[in-house]
Amino acid sequence: MLPMNKLWLGLGGLVVAAVSPAAMAAWGLNMPKGITGISRETYDLHMLIFWICVAIGVVVYGVLIYSLFAYRKSKGAIPASFHHSTKVEIVWTVIPFVILIAMAIPSTRVLTQIYDSSESDLDIMVTGYQWRWQYRYLTEEGEEVTFFSNLATPEEQIYNRAEKGENYLLEVDEPLVVPANKKVRLLLTSADVIHSWWVPALSVKKDAVPGFVNESWFNAEVTGTYRGQCTELCGQDHGFMPVVVNVVEQAEFDAWLAEKQAAAAAVAELANQEWTLDQLVAQGQTVYTTFCMACHQQNGQGLPPAFPALTGSAIATGPIADHVTTVLNGRPGTAMAAYGALLSPVDMAAVITYERNAIGNNVGDMITPVEILQIQAAAQ
Amino acid sequence: MATGHDDHHHGPAKGFTRWLYTTNHKDIGSMYLWFSFAMFLLGGTFALVIRAELFQPGLQFVEPEFFNQMTTMHGLVMVFGAVMPAFVGLANWMIPLMIGAPDMALPRMNNWSFWILPFAFAMLASTLFMEAGAPNFGWTFYAPLSTTYAPSTVTFFIFAIHIMGASSIMGSINIIATIQNLRAPGMTYMKMPLFVWTWLITAYLLIAVMPVLAGVVTMMLFDIHFGTSFFSAAGGGDPVLFQHVFWFFGHPEVYIMILPAFGVVSEIIPTFSRKKLFGYDSMVYATSSIAFLSFIVWAHHMFTTGMPLAGELFFMYATMLIAVPTGVKVFNWVTTMFKGSISFETPMLFSIAFVVLFTMGGFTGLMLAIAPADFQYHDTYFVVAHFHYVLVPGAVFSIMAAAYYWLPKWTGNMYDEALGKLHFWLSFVGINILFFPQHFLGLAGMPRRIPDYALQFADFNMVSTVGAFIFGFSQLLFLFIVVKTVLGGKKATAQVWEGAEGLEWTVPSPAPYHTFTTPPLVP
């Protein structure tokens, strides 16, 4: 079935887009104006240069099209013999140069503003992982809030077994929450490969480079939910690590942050509880689905040779100490990351216990969050 | 001394060894062109896999991992297998004919520089059948995705790149040696056809940057196998260093793929306008300026990596400057047509489309140069649209124009003009349906290199895929036309085109196996 109706719709869209800037926004064809001062300046710059290009295009294409019609051999055109004019050539070297200077001045001004990330109200550390974002609010010592933001779109939608939702591929389990009208500074880095954090409405796109920290900032003026994606190829699930930012009023943000801080304290407390094997396996399933499944797969069979199977593997069915070491420290030189700093002691204990007692394994042993804490303390 | 050697009969040998042992520039040129066309179809097939997957949201045909292999192989095969060898093939065929030389200056090296290429690409393509899969890190292969996190087949990729680089370096040494030493008496530099000029400059670019590419893949090799940390911060290295070294190669590489195209178009437009090229001198100076500027703009590919403000400003200004010499070239082509006597044979149609659509790519290039706006454009489909506009209706259209233009000289037969025009119009319409909507996709926020996308991008992706299949399948028509012309057709005269000028039109069609054994005199 050929999608001719869609094709004509699209072509019609092109025509509409060419004549009407208002239609561009309505059809989602143009860059969004965004909700920050910088994003609007960037939009204006974009449109300025666009119209300059259109103007030059009209002249150049105009002369070209005129020549193609006026000087046809079939209409008996006799070729002229000129092939050189120093005067004309100087003119069309100098005029573009002047136009370029006219473009460079506003560009330089906006760029200088973008680079001023000083005097921020809130600092957030953004760390890229294959394939999720981690946000860490750099508030008072001991009250820092850290969480992962994972794709929330179910696999059934991606594989066309369920109808796709409105925010297909642009939805996460926990969005970044920031206060409106505050200067938010992002410190970006990565735990594995290079990622790039982009939200068009904020006009922020910055690479997250492993081993280095980049800076960017925004001041969101309108509350709401804004969506973006990772824009640097980062492996298999590059297309599946969206960015979602909730901009809320300061009071709402304060309440949210307090709640997050309380929840973090509760999680820390959980580690000291008594845990049974069944409880750990149940908790571990969620952790496995979020962190391990993309590579090792739901059934534990992995995607050899890049991502080995866990079912029946020497690590997941051998001595538990080796299993713990592998998950805590990762496997240098492979895609297996060190999860020691990423998972809480409870999640760490749970996922290890899960891998040994589910996904086709049945070792029967377990490790408790307290033991994880002891191993981590001993390592330091 | 032995005498009696009969040197009157110097036609080609028979059978496969003719091609294997040949040192004849025309044979080698033909092999380059056929090889390039085979790679064009292979890389095109990869592209159609990509576009088929992107026809609708959701995953239908391939897994994300394989999708990444397709984008990577598409880029590598098209850049190193299709576009570059095509221009080397044209250089082999035409430069000796255009400057009145009997052959290339270094014929045995010429043979070798071609024959290592099929092995390089066989090795690269064989990774598709290996357990770890083909390279999946994009044709720009940024570290550490291409080092620590790469599939084990990356080593084959590195070796293949080394062989391709060696081939290019030998090819360009040969072209420089030929142009500088074998010009016919009277052919001064400023009398050389522009195709020869642009290739001379391109060859110098190749010699300058292919070793840099070899260097960067060697650093990768050491990081992967010998414990160094050039691109790993954990060992004191820097992943962004990779990008600097890569793009120091990569940006001149862009001009390596377009300067010979400028040359081709500068030959064809005057012929079918029946008027001399406007501003020959300024064309030469503009090409040289572009070549120089190409070395100082590389970091405009890296505006989002976190460069200091001063760096951003320098690379923004330098990049904008390229618009000046590029503009001069476009103005010159348009002015050549102005007050000419224009006819619209297939090579001219492709050349006019080149001027129009390459200029489109130039406009978006200027937009991308503006660093603050680039923060929004970078790594989106806007960039994909931009570089495909300069590469496909740019470089590829110029190669097709060249093929139609010189095919009668190569084969002695005229191609079928009606079919040629059909091929042009299918390509022209297909390419615009394919790439024009991608500007909108990028501005609306669709990142490149993703196998699946949000629903607001669905309509334009569907349009784009329809265009891709139109363009892709119309290239089979091109194959048919070329084969038909090789097999027979209306006999071509030596002059072929009424308005054509240059030494290549003074030899019979088809060009004899050996030409200019005694140099012609250029007035």
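Throughout, a chain's letter reflects where its sequence line sits, starting with A, and its residues are numbered from 1.
Between B:P144 and A:V193, the shortest heavy-atom contact is CG-CA, 3.9 Å. Counting all heavy atoms, side chain and backbone alike, B:F344 lies closest to A:L68 at CZ-O, 3.6 Å.
Top candidate by heavy-atom pairs under 4.5 Å with chain A, chosen from B:T140, B:T364, B:T359, is B:T359. Contact tally against chain B (heavy-atom pairs below 4.5 Å) for A:V94, A:L303, A:L64, A:L100: the top residue is A:L100. Here B:D238 is the residue among B:V330, B:I352, B:D238, B:V240 with the most heavy-atom pairs under 4.5 Å with chain A. By number of non-hydrogen pairs under 4.5 angstrom with chain B, the leading residue of A:T42, A:N167, A:L111, A:I49 is A:L111. Between chain A and the residues B:G327, B:S273, B:P151, B:P57, the most heavy-atom pairs under 4.5 angstrom are made by B:P57. Counting heavy-atom pairs under 4.5 Å between each of B:A373, B:A371, B:G445, B:P451 and chain A puts B:G445 at the top. When each of B:A234, B:S343, B:S282 is scored by its heavy-atom pairs under 4.5 Å with chain A, the top score falls to B:S282. Between chain B and the residues A:F97, A:Y168, A:F240, the most heavy-atom pairs under 4.5 angstrom are made by A:Y168. Most heavy-atom pairs under 4.5 Å with chain B: of the set A:G228, A:P96, A:P210, this distinction falls to A:P210.
For a residue to count as touching a neighbouring chain, one of its non-hydrogen atoms must lie under 4.5 Å from one of that chain's; by this rule A:A70 does not touch chain B. For A:I56, the parts sitting under 4.5 Å from any heavy atom of chain B are the backbone and the side chain alike. With a 4.5 angstrom heavy-atom cutoff, A:T86 does not touch chain B via any of its atoms. Within the 4.5 angstrom heavy-atom criterion, atoms from both the backbone and the side chain of A:I158 approach chain B. For B:Q69, no part sits under 4.5 Å from any heavy atom of chain A, backbone or side chain. Residue contact with chain B, scored on non-hydrogen atoms closer than 4.5 Å, involves the side chain of A:I114 exclusively. When heavy atoms are compared at a cutoff of 4.5 Å, B:D281 does not approach chain A at all. Proximity to chain B is limited to the side chain of A:V209, based on heavy atoms less than 4.5 angstrom apart. There is no contact between A:S190 and chain B, counting heavy-atom distances below 4.5 Å. In this structure, chain A has heavy atoms under 4.5 Å from both the backbone and the side chain of B:L321. For chain A, the nearby parts of B:F363 are the backbone and the side chain; heavy atoms of each come within less than 4.5 Å. Interface remark: B:N68 contributes side-chain atoms only to the contact with chain A (heavy atom separation under 4.5 Å).
Between B:F331 and A:V60 the shortest side-chain heavy-atom distance falls below 4.5 Å. With a 4.5 Å cut-off on side-chain heavy atoms, B:M360 and A:Y61 count as touching. Residues A:S81 and B:K275 are not in side-chain contact: their nearest non-hydrogen atoms beyond the backbone lie 4.5 Å or more apart. The side-chain heavy atoms of B:T336 and A:H83, taken from C-beta on, include no pair separated by under 4.5 Å. At least one side-chain heavy atom of B:Q60 sits under 4.5 Å from a side-chain heavy atom of A:N160. With a 4.5 Å cut-off on side-chain heavy atoms, B:L443 and A:H46 count as touching. Residues A:L29 and B:F460 meet the side-chain proximity criterion, which asks for heavy atoms closer than 4.5 Å. You'll find the side chain of A:F82 reaches within 4.5 Å of the side chain of B:T335, heavy atoms only.
More than 12 non-hydrogen atoms from other residues, nucleotides or ligands lie less than 6.0 angstrom from NZ of B:K329. Applying the 6.0 Å contact sphere to NZ of A:K33 captures no more than 12 heavy atoms from other residues, nucleotides or ligands. Counting heavy-atom neighbours within 6.0 Å of A:Y159 OH, excluding the residue itself, gives a total above 12.
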Step by step, would you call B:Y280 with A:H84 a ring pair (Phe, Tyr, Trp, His ring centres under 6.0 Å)?
CA-CA 8 Å; B:Y280 172 94; A:H84 179 74; over 10 Å; no

With ring pair (Phe, Tyr, Trp, His ring centres under 6.0 Å) as the test, would you mind laying out the steps for A:W92 and B:F278 before giving the verdict?
CA-CA 13 Å; A:W92 70 37; B:F278 186 85; 5.8 Å; yes

May I have the step-by-step check of side-chain hydrogen bond (donor to acceptor under 3.5 Å, both in side chains) for B:E312 and A:Y115, ending in yes or no?
CA-CA 10 Å; B:E312 301 260 327; A:Y115 262 72; 3.0 Å; yes

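B:Y317 and A:T108 form a side-chain donor-acceptor contact under 3.5 Å, judged by distance and modelled atom types alone. Remark: the B:Q376 side chain and the A:Y43 side chain contain no N/O donor-acceptor pair separated by less than 3.5 Å.
In terms of modelled atom types and a separation under 3.5 Å, the side chain of B:S341 and the main chain of A:A77 share a donor-acceptor contact. The backbone N or O of B:F440 lies less than 3.5 Å from no partner atom in the side chain of A:N30, so there is not a single donor-acceptor pair.
The aromatic rings of B:F338 and A:Y71 lie perpendicular to each other, with more than 60° between the two planes, well past the 30° mark.
Figure legend: cation-pi geometry between A:K73 and B:F272 absent, as NZ or CZ is not positioned both under 6.0 Å from the six-membered ring centre and within 45° of its axis.
By the side-chain contact (heavy atoms from CB on, under 4.5 Å) test, A:E41 is found to be paired with A:R109, A:V110, A:Q113, residues two or more places apart in sequence or in another chain being considered.
The distance from atom CG of B:D452 to atom OG1 of A:T153, rounded to the nearest 0.5 Å, is 9.0 Å.
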Identify every side-chain donor-acceptor pair in residues 301-309 of chain B under 3.5 Å, counting partners at least two apart or on other chains, and give the distances.
{"residue": "B:H301", "atom": "NE2", "partner": "B:H251", "partner atom": "ND1", "Å": "2.9"}
{"residue": "B:T304", "atom": "OG1", "partner": "A:D207", "partner atom": "OD1", "Å": "2.9"}
{"residue": "B:T304", "atom": "OG1", "partner": "A:D207", "partner atom": "OD2", "Å": "3.4"}
{"residue": "B:T305", "atom": "OG1", "partner": "B:M302", "partner atom": "O", "Å": "2.7"}

